Amino acid sequence: MHRKVIWGFIVIVFVAGVAYLGLSTSKTLATTDAGKITQEEYYDKVKSSSAGKQVFAQMVIDKVLEKHYGSQVSKSDVTNAYTTAKAQYGDSFATMLTQSGLTDTQYKESLREKLVMNAAVKANYKISKDKLNDAYNNYVPETTISLITAKDQDTAQQAIDALNNGTSWDDVYKQYSSKNTQVNKSGQLPAFDSTNTTVDSEIRKAAFNQDTGSYSSSPVKPSSGSNYYVVRTDKMASKPAESKVEQKLKDKLTNDFLSDSNNATEIQKIVGKILRKDDVSIKDSDLKNSLSGYLTAGV
(Lines give C-alpha, C1' and ligand atoms only; values in the text may rest on other atoms or scores of the structure.)
Protein backbone atom coordinates (compact mmCIF):
# COMPACT_ATOMS: atom_id res chain seq x y z
CA MET A 1 0.00 0.00 0.00
CA HIS A 2 2.83 2.39 0.86
CA ARG A 3 4.23 2.32 -2.69
CA LYS A 4 0.86 3.20 -4.24
CA VAL A 5 0.22 5.94 -1.70
CA ILE A 6 3.63 7.53 -2.22
CA TRP A 7 3.21 7.30 -6.03
CA GLY A 8 -0.09 9.13 -5.76
CA PHE A 9 1.60 11.84 -3.74
CA ILE A 10 4.36 12.22 -6.33
CA VAL A 11 1.72 12.74 -9.02
CA ILE A 12 0.00 15.43 -6.93
CA VAL A 13 3.27 17.27 -6.29
CA PHE A 14 4.32 17.03 -9.94
CA VAL A 15 0.99 18.35 -11.22
CA ALA A 16 1.16 21.26 -8.82
CA GLY A 17 4.74 21.94 -9.87
CA VAL A 18 3.96 21.94 -13.58
CA ALA A 19 0.99 24.26 -13.05
CA TYR A 20 3.19 26.60 -11.04
CA LEU A 21 5.98 26.59 -13.60
CA GLY A 22 3.51 27.35 -16.35
CA LEU A 23 2.82 30.76 -14.81
CA SER A 24 6.22 32.13 -15.68
CA THR A 25 8.99 30.02 -17.17
CA SER A 26 11.46 32.90 -16.90
CA LYS A 27 11.32 33.25 -13.13
CA THR A 28 14.56 32.61 -11.27
CA LEU A 29 14.34 29.80 -8.72
CA ALA A 30 17.86 30.09 -7.29
CA THR A 31 21.00 32.16 -7.70
CA THR A 32 24.59 31.07 -7.12
CA ASP A 33 28.04 32.40 -7.86
CA ALA A 34 28.05 29.86 -10.68
CA GLY A 35 24.87 31.24 -12.18
CA LYS A 36 21.09 31.04 -11.73
CA ILE A 37 18.50 28.30 -12.08
CA THR A 38 15.32 29.34 -13.88
CA GLN A 39 11.90 27.75 -13.89
CA GLU A 40 12.34 26.86 -17.56
CA GLU A 41 15.61 25.04 -16.88
CA TYR A 42 14.06 23.18 -13.97
CA TYR A 43 10.97 22.18 -15.95
CA ASP A 44 13.06 20.93 -18.91
CA LYS A 45 15.23 18.90 -16.53
CA VAL A 46 12.27 17.33 -14.73
CA LYS A 47 10.27 16.42 -17.82
CA SER A 48 13.26 14.79 -19.50
CA SER A 49 14.08 12.64 -16.46
CA SER A 50 12.88 9.05 -16.07
CA ALA A 51 10.85 9.96 -12.98
CA GLY A 52 9.29 12.94 -14.75
CA LYS A 53 8.25 10.80 -17.72
CA GLN A 54 6.71 8.19 -15.42
CA VAL A 55 4.71 10.83 -13.60
CA PHE A 56 3.57 12.36 -16.89
CA ALA A 57 2.45 8.95 -18.13
CA GLN A 58 0.47 8.41 -14.95
CA MET A 59 -1.15 11.84 -15.32
CA VAL A 60 -2.36 10.97 -18.83
CA ILE A 61 -3.62 7.55 -17.72
CA ASP A 62 -5.47 9.03 -14.73
CA LYS A 63 -7.09 11.67 -16.94
CA VAL A 64 -8.35 9.16 -19.53
CA LEU A 65 -9.53 6.59 -16.97
CA GLU A 66 -11.29 9.27 -14.95
CA LYS A 67 -13.21 10.32 -18.06
CA HIS A 68 -14.45 6.79 -18.82
CA TYR A 69 -14.67 5.17 -15.38
CA GLY A 70 -14.64 7.97 -12.83
CA SER A 71 -18.44 7.91 -12.55
CA GLN A 72 -18.20 4.34 -11.24
CA VAL A 73 -16.32 5.51 -8.13
CA SER A 74 -18.42 7.47 -5.65
CA LYS A 75 -17.40 9.61 -2.70
CA SER A 76 -18.69 6.90 -0.42
CA ASP A 77 -16.44 4.34 -2.15
CA VAL A 78 -13.41 6.49 -1.36
CA THR A 79 -14.64 7.14 2.19
CA ASN A 80 -15.14 3.42 2.80
CA ALA A 81 -11.66 2.60 1.49
CA TYR A 82 -10.19 5.36 3.65
CA THR A 83 -12.07 4.24 6.77
CA THR A 84 -11.02 0.62 6.26
CA ALA A 85 -7.35 1.54 5.78
CA LYS A 86 -7.43 3.80 8.82
CA ALA A 87 -8.97 1.05 10.96
CA GLN A 88 -6.40 -1.51 9.83
CA TYR A 89 -3.45 0.81 10.43
CA GLY A 90 -4.89 1.69 13.84
CA ASP A 91 -2.67 3.96 15.92
CA SER A 92 0.04 3.92 13.25
CA PHE A 93 -2.15 5.58 10.59
CA ALA A 94 -0.99 9.13 11.37
CA THR A 95 2.63 7.95 11.35
CA MET A 96 2.15 6.32 7.96
CA LEU A 97 0.79 9.57 6.52
CA THR A 98 3.65 11.58 7.99
CA GLN A 99 6.31 9.19 6.71
CA SER A 100 4.71 9.27 3.25
CA GLY A 101 4.46 13.07 3.31
CA LEU A 102 0.69 12.93 2.81
CA THR A 103 -2.31 14.82 4.12
CA ASP A 104 -5.70 13.15 4.54
CA THR A 105 -6.87 14.81 1.32
CA GLN A 106 -3.88 13.62 -0.69
CA TYR A 107 -4.26 10.10 0.66
CA LYS A 108 -7.92 10.03 -0.36
CA GLU A 109 -6.98 11.28 -3.84
CA SER A 110 -4.53 8.39 -4.23
CA LEU A 111 -7.23 5.96 -3.11
CA ARG A 112 -9.62 7.34 -5.71
CA GLU A 113 -7.03 6.91 -8.48
CA LYS A 114 -6.57 3.29 -7.44
CA LEU A 115 -10.34 2.66 -7.39
CA VAL A 116 -10.78 4.22 -10.85
CA MET A 117 -7.96 2.03 -12.20
CA ASN A 118 -9.67 -1.00 -10.66
CA ALA A 119 -12.97 -0.05 -12.31
CA ALA A 120 -11.25 0.27 -15.69
CA VAL A 121 -9.60 -3.13 -15.44
CA LYS A 122 -12.79 -4.78 -14.16
CA ALA A 123 -14.67 -3.51 -17.21
CA ASN A 124 -12.10 -5.04 -19.58
CA TYR A 125 -10.89 -8.22 -17.83
CA LYS A 126 -12.40 -11.44 -19.19
CA ILE A 127 -12.94 -14.35 -16.77
CA SER A 128 -13.12 -17.92 -18.03
CA LYS A 129 -15.74 -20.41 -16.87
CA ASP A 130 -13.03 -22.67 -15.43
CA LYS A 131 -11.68 -19.86 -13.26
CA LEU A 132 -15.18 -19.05 -12.08
CA ASN A 133 -15.85 -22.69 -11.13
CA ASP A 134 -12.56 -22.91 -9.24
CA ALA A 135 -13.38 -19.72 -7.37
CA TYR A 136 -16.75 -21.15 -6.32
CA ASN A 137 -15.13 -24.35 -5.06
CA ASN A 138 -12.89 -22.25 -2.82
CA TYR A 139 -15.65 -19.87 -1.77
CA VAL A 140 -16.33 -19.43 1.96
CA PRO A 141 -19.85 -18.12 2.75
CA GLU A 142 -20.91 -15.26 5.02
CA THR A 143 -18.99 -15.49 8.28
CA THR A 144 -19.43 -13.46 11.46
CA ILE A 145 -16.41 -12.89 13.67
CA SER A 146 -15.38 -10.93 16.74
CA LEU A 147 -12.03 -9.19 17.13
CA ILE A 148 -9.89 -8.20 20.05
CA THR A 149 -7.71 -5.43 18.67
CA ALA A 150 -4.48 -5.37 20.66
CA LYS A 151 -1.84 -2.66 20.52
CA ASP A 152 1.00 -5.20 20.27
CA GLN A 153 1.76 -8.91 20.14
CA ASP A 154 2.31 -9.28 23.89
CA THR A 155 -1.10 -7.75 24.68
CA ALA A 156 -2.79 -10.06 22.16
CA GLN A 157 -1.07 -13.07 23.76
CA GLN A 158 -2.19 -11.94 27.22
CA ALA A 159 -5.77 -11.80 25.91
CA ILE A 160 -5.46 -15.34 24.52
CA ASP A 161 -4.02 -16.59 27.82
CA ALA A 162 -6.96 -15.05 29.70
CA LEU A 163 -9.44 -16.75 27.35
CA ASN A 164 -7.60 -20.05 27.80
CA ASN A 165 -7.94 -19.64 31.56
CA GLY A 166 -11.71 -19.35 31.28
CA THR A 167 -12.29 -15.59 31.31
CA SER A 168 -15.29 -14.64 29.18
CA TRP A 169 -14.80 -13.05 25.77
CA ASP A 170 -16.61 -9.86 26.81
CA ASP A 171 -14.42 -9.40 29.89
CA VAL A 172 -11.23 -10.04 27.94
CA TYR A 173 -12.39 -7.65 25.22
CA LYS A 174 -13.01 -4.88 27.75
CA GLN A 175 -9.60 -5.36 29.36
CA TYR A 176 -7.32 -5.85 26.36
CA SER A 177 -8.94 -4.45 23.21
CA SER A 178 -8.00 -1.04 21.81
CA LYS A 179 -10.62 1.18 20.19
CA ASN A 180 -11.67 -0.07 16.75
CA THR A 181 -14.38 1.86 14.93
CA GLN A 182 -15.11 -1.09 12.64
CA VAL A 183 -16.52 -3.28 15.43
CA ASN A 184 -19.34 -3.11 17.99
CA LYS A 185 -18.92 -3.03 21.77
CA SER A 186 -18.03 -6.73 21.98
CA GLY A 187 -15.69 -6.63 18.98
CA GLN A 188 -18.04 -8.15 16.42
CA LEU A 189 -17.72 -7.25 12.73
CA PRO A 190 -20.53 -7.28 10.17
CA ALA A 191 -20.68 -10.64 8.34
CA PHE A 192 -18.35 -11.08 5.35
CA ASP A 193 -17.37 -13.86 2.94
CA SER A 194 -14.18 -14.87 1.16
CA THR A 195 -14.76 -12.34 -1.65
CA ASN A 196 -14.44 -9.50 0.84
CA THR A 197 -11.44 -7.23 0.26
CA THR A 198 -11.94 -4.75 3.09
CA VAL A 199 -11.28 -7.13 5.98
CA ASP A 200 -7.54 -7.84 6.18
CA SER A 201 -6.51 -11.05 4.42
CA GLU A 202 -4.80 -12.46 7.53
CA ILE A 203 -7.92 -11.88 9.62
CA ARG A 204 -10.03 -13.60 6.97
CA LYS A 205 -7.61 -16.53 6.85
CA ALA A 206 -7.77 -16.97 10.62
CA ALA A 207 -11.58 -16.79 10.64
CA PHE A 208 -12.12 -19.27 7.81
CA ASN A 209 -9.68 -21.89 9.10
CA GLN A 210 -11.09 -22.51 12.56
CA ASP A 211 -14.30 -24.04 13.88
CA THR A 212 -17.33 -21.96 14.83
CA GLY A 213 -16.92 -20.81 18.43
CA SER A 214 -13.13 -21.07 18.29
CA TYR A 215 -10.64 -18.22 18.60
CA SER A 216 -7.10 -17.87 17.25
CA SER A 217 -4.54 -19.83 19.25
CA SER A 218 -1.84 -17.23 18.61
CA PRO A 219 -1.87 -13.47 17.86
CA VAL A 220 -2.86 -12.62 14.29
CA LYS A 221 -0.61 -10.10 12.54
CA PRO A 222 -2.46 -8.31 9.72
CA SER A 223 -0.88 -7.62 6.33
CA SER A 224 -0.79 -3.89 7.18
CA GLY A 225 -0.81 -1.82 10.36
CA SER A 226 0.87 -2.39 13.72
CA ASN A 227 -2.03 -3.92 15.66
CA TYR A 228 -2.39 -7.60 16.52
CA TYR A 229 -5.70 -9.43 16.72
CA VAL A 230 -7.45 -12.26 18.46
CA VAL A 231 -10.06 -13.60 16.02
CA ARG A 232 -13.11 -15.55 17.13
CA THR A 233 -15.33 -17.24 14.53
CA ASP A 234 -18.91 -16.73 15.75
CA LYS A 235 -20.94 -18.32 12.93
CA MET A 236 -20.81 -19.28 9.26
CA ALA A 237 -23.75 -19.37 6.85
CA SER A 238 -24.54 -22.25 4.49
CA LYS A 239 -22.87 -22.11 1.08
CA PRO A 240 -25.26 -20.67 -1.54
CA ALA A 241 -25.62 -21.82 -5.15
CA GLU A 242 -22.94 -20.55 -7.55
CA SER A 243 -25.43 -18.41 -9.46
CA LYS A 244 -26.19 -16.47 -6.28
CA VAL A 245 -22.59 -15.36 -5.80
CA GLU A 246 -21.35 -15.25 -9.39
CA GLN A 247 -20.87 -11.49 -9.47
CA LYS A 248 -19.06 -11.55 -6.14
CA LEU A 249 -16.75 -14.25 -7.46
CA LYS A 250 -16.04 -12.26 -10.62
CA ASP A 251 -15.21 -9.18 -8.54
CA LYS A 252 -12.90 -11.24 -6.33
CA LEU A 253 -11.10 -12.76 -9.32
CA THR A 254 -10.63 -9.30 -10.79
CA ASN A 255 -9.28 -7.93 -7.51
CA ASP A 256 -6.87 -10.87 -7.28
CA PHE A 257 -5.79 -10.21 -10.85
CA LEU A 258 -5.14 -6.54 -10.04
CA SER A 259 -3.15 -7.23 -6.88
CA ASP A 260 -0.86 -9.86 -8.46
CA SER A 261 2.38 -8.24 -9.65
CA ASN A 262 2.78 -11.05 -12.19
CA ASN A 263 -0.13 -9.54 -14.15
CA ALA A 264 1.54 -6.16 -14.74
CA THR A 265 1.93 -6.84 -18.47
CA GLU A 266 -1.71 -7.87 -18.87
CA ILE A 267 -2.88 -4.78 -16.97
CA GLN A 268 -0.66 -2.65 -19.21
CA LYS A 269 -2.37 -4.17 -22.26
CA ILE A 270 -5.81 -3.31 -20.88
CA VAL A 271 -4.81 0.28 -20.11
CA GLY A 272 -3.11 0.59 -23.50
CA LYS A 273 -6.28 -0.52 -25.27
CA ILE A 274 -8.25 2.17 -23.44
CA LEU A 275 -5.67 4.84 -24.29
CA ARG A 276 -5.67 3.90 -27.98
CA LYS A 277 -9.45 4.15 -28.12
CA ASP A 278 -9.18 7.66 -26.67
CA ASP A 279 -6.72 8.67 -29.42
CA VAL A 280 -3.96 9.74 -27.01
CA SER A 281 -1.19 11.63 -28.79
CA ILE A 282 1.91 13.06 -27.07
CA LYS A 283 2.89 16.45 -28.52
CA ASP A 284 6.10 17.15 -26.58
CA SER A 285 9.24 15.61 -28.09
CA ASP A 286 10.81 14.93 -24.68
CA LEU A 287 7.73 13.06 -23.50
CA LYS A 288 6.66 11.34 -26.74
CA ASN A 289 7.86 7.90 -25.64
CA SER A 290 6.61 8.09 -22.05
CA LEU A 291 3.50 6.04 -22.89
CA SER A 292 4.98 3.77 -25.54
CA GLY A 293 4.91 0.78 -23.20
CA TYR A 294 1.12 1.16 -22.93
CA LEU A 295 0.29 2.32 -26.45
CA THR A 296 2.13 -0.61 -28.04
CA ALA A 297 1.13 -3.27 -25.49
CA GLY A 298 -0.83 -6.07 -27.09
CA VAL A 299 -0.51 -4.58 -30.58
Side-chain angles (χ1 to χ4, degrees), residues 1-2 76-98 104 107-108 111 138-240 244-245 248-249 251-252 255 259:
M1 179 177 289
H2 284 283
S76 62
D77 292 332
V78 177
T79 299
N80 289 339
Y82 173 84
T83 301
T84 299
K86 190 173 183 180
Q88 291 180 357
Y89 272 102
D91 295 338
S92 65
F93 181 73
T95 301
M96 181 276 291
L97 287 181
T98 300
D104 270 9
Y107 182 66
K108 288 176 181 177
L111 289 176
N138 295 316
Y139 174 73
V140 180
E142 293 283 317
T143 302
T144 303
I145 69 168
S146 293
L147 290 179
I148 291 173
T149 306
K151 61 182 180 181
D152 52 41
Q153 187 173 5
D154 288 342
T155 303
Q157 187 58 57
Q158 290 171 23
I160 292 172
D161 292 342
L163 290 169
N164 290 340
N165 290 329
T167 307
S168 71
W169 177 272
D170 285 353
D171 287 343
V172 173
Y173 177 82
K174 290 174 184 176
Q175 182 175 356
Y176 293 101
S177 191
S178 304
K179 183 179 180 182
N180 187 335
T181 58
Q182 297 300 103
V183 304
N184 66 17
K185 62 182 180 180
S186 66
Q188 194 171 83
L189 279 173
F192 60 89
D193 61 15
S194 57
T195 67
N196 182 285
T197 57
T198 57
V199 177
D200 187 271
S201 59
E202 294 302 312
I203 294 175
R204 282 184 277 138
K205 186 188 300 181
F208 297 150
N209 289 283
Q210 62 189 15
D211 295 332
T212 299
S214 300
Y215 53 84
S216 44
S217 58
S218 60
V220 175
K221 180 70 174 74
S223 58
S224 62
S226 61
N227 292 325
Y228 280 79
Y229 297 93
V230 182
V231 181
R232 184 182 70 181
T233 303
D234 297 332
K235 61 181 178 180
M236 186 179 292
S238 299
K239 191 171 182 176
K244 297 289 186 181
V245 292
K248 280 188 173 184
L249 295 174
D251 289 344
K252 176 64 165 56
N255 286 328
S259 61

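The basis for the numbers below is simple: all heavy atoms, side chains too, and nothing from hydrogens, waters or symmetry mates. The structure presented is a predicted model; accordingly, all values stated were derived computationally and were not measured.
Partners of Ser168 under the side-chain contact (heavy atoms from CB on, under 4.5 Å) rule, at least two apart in sequence or in another chain, are Asp170, Asp171. Scanning for salt bridge (Lys or Arg N to Asp or Glu O under 4.0 Å) contacts around Lys205 gives Glu202, with sequence neighbours left out. Asp200 is linked by a salt bridge (Lys or Arg N to Asp or Glu O under 4.0 Å) to nothing, counting only residues two or more places apart in sequence or in another chain. Applying the ring-ring contact (aromatic ring centres under 6.0 Å, His included) rule to Tyr176 yields no partners; only residues at least two apart in sequence or on another chain are considered. For Lys108, the salt bridge (Lys or Arg N to Asp or Glu O under 4.0 Å) test picks out no residue, with sequence neighbours left out. Qualifying side-chain contact (heavy atoms from CB on, under 4.5 Å) partners for Ser216, counting only residues two or more places apart in sequence or in other chains: Gln210, Val220, Val230, Val231.
Rounded to the nearest 0.5 Å, atoms OH (Tyr228) and OG (Ser178) are 13.5 Å apart. Atom CZ of Arg232 is separated from atom OG of Ser186 by 7.0 Å, given to the nearest 0.5 angstrom. Rounding to the nearest 0.5 angstrom, the gap separating the CZ atom in Phe93 from the OG1 atom in Thr95 is 10.5 Å. Separating the CD1 atom in Ile145 from the OG1 atom in Thr143 is a distance of 8.5 Å, to the nearest 0.5 Å. One finds the CD atom of Gln157 at 8.5 Å from the CG atom of Asp154 (value rounded to the nearest 0.5 Å). The distance from atom CD of Gln175 to atom CD1 of Ile148, rounded to the nearest 0.5 Å, is 10.0 Å.
In plain terms, the two heavy atoms of Ala206 and Thr233 that are nearest each other are O-OG1, 4.5 Å. When all heavy atoms of Asp234 and Gln188 are compared, the pair lying nearest together is OD2-NE2, 2.9 Å.
Contact annotation: the side chain of Pro240 approaches that of Pro141 to within less than 4.5 Å [non-hydrogen atoms, C-beta and beyond]. Counting only heavy atoms from C-beta outward, the side chains of Thr198 and Asn80 never approach each other to under 4.5 Å. Contact annotation: the side chain of Lys252 never approaches that of Tyr139 to less than 4.5 Å [non-hydrogen atoms, C-beta and beyond].
Counting only distance, with no hydrogens or angles, the side chain of Thr167 and the backbone of Ala162 share a donor-acceptor pair below 3.5 Å. Judged by distance alone, the side chain of Ser92 and the main-chain N or O of Tyr89 form a donor-acceptor pair under 3.5 Å.
Between the side chains of Asp193 and Thr195, at least one donor N or O sits under 3.5 Å from an acceptor N or O. When only modelled atom types and interatomic distance are considered, Asn227 and Thr149 share no side-chain donor-acceptor pair under 3.5 Å.
Taking the charged nitrogens against the carboxylate oxygens, Lys244 and Glu142 have no contact shorter than 4.0 Å, which rules out a salt bridge.
Enclosure of atom NZ in Lys221 by more than 12 non-hydrogen atoms of other residues, nucleotides or ligands within 6.0 angstrom is indicated.
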